[in-house]
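The block underneath contains the structure these notes are about, expressed in C-alpha cells.
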Amino acid sequence: MELKITTSKNNINIVHLKMDSLNQGMSEGMKNMSESVFVGLCEIMGTSQQVAGRREGTVIREMVIRRITPNDGIIQMDSGSRREGFKLKGSDMDTMFWPNNHRVIMDMSQSEYYNTANTTLILSDSSESPPGFTLLQLLTPSRYNEVQSACVRINNRVYISSSIYRGLTGSIVFSDSQICGPVSTGIRRGVEYDHAWCFVCDFWPQSACSWLDRCHSWPDPEVVNDIFRNGCHYIPIGARGPPGDEEWKIFFSKAEFKLVSSMNHSQFLTYGLLKIFKKEVINHEIIFGQSFRADTCGLLSSYHIKTAILWTIQQNTLPHWNPQNLLAGFWVCFKLLLKWVYEGVCPNFFIPQSNLFQREIHGSAQNKLFLQLHELYNKGLACLLKSPSIRSYIIDVMYNPRLSLCTDEIVMSEVDSDLELVKQCCSTDNLISDLRPLVQAILQVEQLVDSPLCQYQAVALRNLASAFFKNTATIIHNIHTNTGVNKDVYTADKMSCRMLKLAAKFGCISDMLYIAMYYYKTLRYREALSVIEVTKVKLAQPYLMYSGHVDREMFTEAVGGQSWSVKMRQAVAMDIKLRTLIYYISELTPEQQSAEKNREPILYVPIFVMLHFLEFLCHRHIDTTLSQAALDELLVVVHCDQGLYVSEYCRDISWEILGICQQITGNLQAALYSYQQSPTQYPFHKIQTATQRRIQDVVQSIPLT
C-alpha cells in the first residue's frame with residue numbers, strides 16, 4: 001500500500017493512494033481514514049441498532065398483512081434498499097406484488113403439495129432458456145384477467161408472456177406509471193417507486209443449487225436453510241433476443257434480504273459506501289469539474305453493486321471486516337466490479353452461469369464504462385474525494401493523519417431515536433378497506449402483542465392496531481346506518497365509538513380527530529368540539545413532534561424518559577389519512593371518489609387543516625361567529641404556511657378544503673379562487689375531477705352582474 005499526501009495552504013492533494021496489495025498491511029493513517037469514513041457512514045445510514053430496527057418494523061407489518069390476505073388476494077412485499085435497512089436520500093421505493101393463489105412449480109411432482117381447486121399452478125420450463133431465465137407454462141386456469149390475457153401459445157402449450165403481463169399490470173397501482181424493464185415506475189411524493197408484478201415459488205430452483213455448495217463460511221447454516229425454504233420469485237423480464245418477450249427471470253429478493261441482514265455492520269456500511277460511490281461519482285453529471293459521461297450513466301445498477309459485495313464476502317477476499325479496514329473492503333469490491341466490466345461478465349450470485357451484464361453492458365457501452373472506472377481506479381482511494389457525502393470524512397484525517405476516532409457505535413439521543421421511530425414505524429399506510437380482513441387483522445395484532453418484540457416491532461404493531469381500529473369503526477357505522485334498523489344502529493354506534501377510542505389509545509394525537517369526525521358525522525357537534533378542543537391544546541404545545549420537526553429541548557423536558565405510548569398520545573402528531581374507499585364525512589366524498597377513480601388509495605390531510613375544517617363544520621351548527629374564526633385560522637394555514645404545517649404534496653387537498661368551507665359560508669368568489677388554486681399545486685391526490693365540478697357549481701351559482 002502506498003499513501004503520499006501533499007498539502008498547501010489552500011489545497012490538499014492525494015498524489016498517490018493505491019491498495020494493490022492488501023497483504024502488506026495498513027498504515028496508521030489508512031486505518032484512521034477508514035474509521036473516519038465508518039463513523040460518517042453511521043451518521044448517514046444509521047447504527048446497527050437503527051438498521052436492524054427498520055428491518056424488524058417492516059417484517060412485523062408484512063407478517064400481519066400476509067396472514068390476513070385472502071387466498072384470492074394480492075401479496076405485497078417491500079424490496080430493495082429500504083427493506084434492507086438503508087436510509088439514503090433519493091432511494092427508490094421498491095415493491096413486489098404477486099397473486100396469493102398462484103404458485104410456480106419446478107416439476108409436476110411438486111403439484112401434490114397444492115389444492116388445485118383453489119390454487120393456480122404454473123410450471124417453470126427452462127429447457128430452452130439461458131441460465132437464470134425460464135418460460136412459465138400455465139397448467140390450471142387463472143381467475144385473474146391479467147394472467148389469462150397474457151397467455152400465448154408456444155408449441156401447443158399455454159405460456160404466460162412476460163411482456164404482455166408487464167404491460168397489463170403496470171398501471172394497476174398508479175395509472176400514470178411507466179414501464180421500465182421488469183417494473184412499472186414513477187414518482188410519488190418526490191420519491192421514485194418501482195413496482196414489480198411477479199409470481200412466487202416455494203421451492204429452490206435447481207439452477208441455483210451450486211450456491212448451496214458454496215456456503216462453507218458465509219452465511220451461517222441456519223441462514224442458508226432459511227433461504228432454501230423460502231424459494232424464489234419470477235419477474236417479467238427476458239434475456240436478450242427471442243423468445244425474450246415470453247421469458248421470466250428468476251429473482252431472489254427474499255434470499256438477498258436475509259443475506260444483507262446477516263452482514264456485520266462494517267460489511268453493510270461498505271455496501272452503502274459502494275451505493276453512494278455509484279450514485280455520486282460514477283453516475284454524477286459534474287463533480288468537481290469532471291464532465292458527465294452520458295452513455296455510461298446508469299449502466300452499473302445497485303443490483304450489480306450488491307452482487308459484488310456478496311461475492312466478496314463469501315469468497316473471503318478480505319479476512320476481517322471491521323471499521324479499521326472499511327476502505328480496504330470498498331477497494332476490493334471496486335476492483336471486482338472493474339474486472340467484471342473489463343470481461344463483460346457479472347455472474348449472478350445464485351446462478352453464476354447467468355450474466356447480469358448481458359442486456360446492457362456490452363460493446364461500446366462496456367468499453368466506455370471500463371475506461372471511466374479505470375480512470376477512477378488510477379486515482380486510488382482519492383476517487384472518493386469526488387463524493388460530496390464522503391469527502392469531508394477523508395479530509396479530516398488528511399489534515400491530521402494521526403487522528404484516532406472512537407468507532408463504538410454512536411448512541412442516539414432520545415429525541416433522534418423517537419424521530420426515527422415515528423418515521424419508520426408510524427408513517428406506513430394501512431390499505432385494508434374491507435371488514436372481514438380488518439377483523440382478522442385485529443385478531444392477529446392481539447395474538448402478536450404479547451409475543452417478545454423489539455421496540456420497532458412494538459411501535460409498528462401499535463400503529464397498525466390504531467389504523468385497523470379506525471377503519472373498522474367507520475365501516476361498521478356505514479354498514480349499519482344503511483340498514484335503518486335502530487337496534488343495529490345503536491349497537492354499531494357503541495362498537496364504533498369504542499374502537500375509535502382504542503385507536504386513539506394506541507395511536508397519536510392526530511387519532512383523536514377521527515373521533516371528532518365520527519361525532520360530526522353522527523350529528524354530535526358538541527361532543528366533536530370537545531374532542532377538537534382537547535386536540536387543539538395538545539397541538540399547541542411547544543414540544544410537539546410533527547412532520548420531522550420538534551423542539552428537542554422542550555420535547556425532552558416534557559416527555560423525556562416516558563413510555564412510547566405516552567409520548568405518542570401527548571407529543572406526536574401526523575397527517576390524517578382517509579382511505580378513498582371508506583367514507584368518513586360527506587363533505588369530502590367527491591374528493592375521495594375522484595382520487596379512487598384515479599387509483600389513489602389515500603387522501604393525506606394535514607393535521608392543522610383537518611382540525612380547523614372540523615372545527616368550522618361543527619360550529620356551523622352551534623355558533624357561526626366561532627365558525628368564522630375557525631375558517632380564518634384555516635385560511636391563514638393554507639395561505640401563509642411555508643411547508644411547516646402543509647407540505648407541497650398536501651397543498652392540493654388543503655386548498656380544496658378551504659374552498660369547501662368558503663363555499664358553505666356563501667363566499668363564492670373566495671371559494672372559486674381556492675378551487676382554482678388546487679389544480680395549480682402538485683397533483684398528488686388526483687382530485688382534479690372533483691375540483692372541476694366544484695368550480696362549475698360555484699361559477700353557476702355566482703349571480704350575473
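All figures in this text were calculated on a predicted structure; none of them were measured in a lab. Computed over heavy atoms, backbone and side chain alike; hydrogens, waters and symmetry mates excluded.
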Taking the six-membered ring of [Y] as reference, does the cationic atom of [X] (NZ for Lys, CZ for Arg) lie under 6.0 Å from its centre and within 45° of its axis?
X      : Y      : result
Arg188 : Phe174 : yes
Arg579 : Tyr514 : no
Arg54  : Tyr456 : no

Before accepting this row, confirm whether a basic side-chain N of the pair [X]/[Y] lies closer than 4.0 Å to the acidic partner's carboxylate O.
X      : Y      : value
Lys505 : Asp511 : no
Arg83  : Glu256 : no
Lys254 : Asp226 : no
Glu533 : Arg526 : no

Please confirm whether [X] and [Y] have ring centers closer than 6.0 angstrom.
X      : Y      : result
His639 : Trp655 : yes
Phe86  : Tyr271 : yes
Tyr604 : Tyr649 : no

Is a side-chain donor-acceptor pair under 3.5 Å present for [Y] with [X]?
X      : Y      : answer
Asp652 : Ser678 : no
Ser563 : Ser565 : yes
Thr691 : Glu656 : yes
Glu280 : Ser387 : yes
Glu587 : Tyr520 : yes

Under the side chain to side chain donor-acceptor pair (under 3.5 Å) rule, collect the residues that match up with Lys521, sequence neighbours excluded. Asn478

With side chains defined as the heavy atoms from C-beta onward, is the minimum distance between Met63 and Leu448 less than 4.5 Å?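 The answer is yes, as the side chains (C-beta and beyond) meet within the 4.5 Å cut-off.
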
Does any part of the side chain of Phe257, heavy atoms only, come nearer than 4.5 Å to the side chain of Val59, both counted from C-beta?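 Side chain of Val59 against side chain of Phe257, heavy atoms only: contact under 4.5 Å found.
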
Any residue meeting side-chain contact (heavy atoms from CB on, under 4.5 Å) with Arg82, in chain and number order, not counting sequence neighbours: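 Applying side-chain contact (heavy atoms from CB on, under 4.5 Å) to Arg82 gives Ser91, Met93, Val191.
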
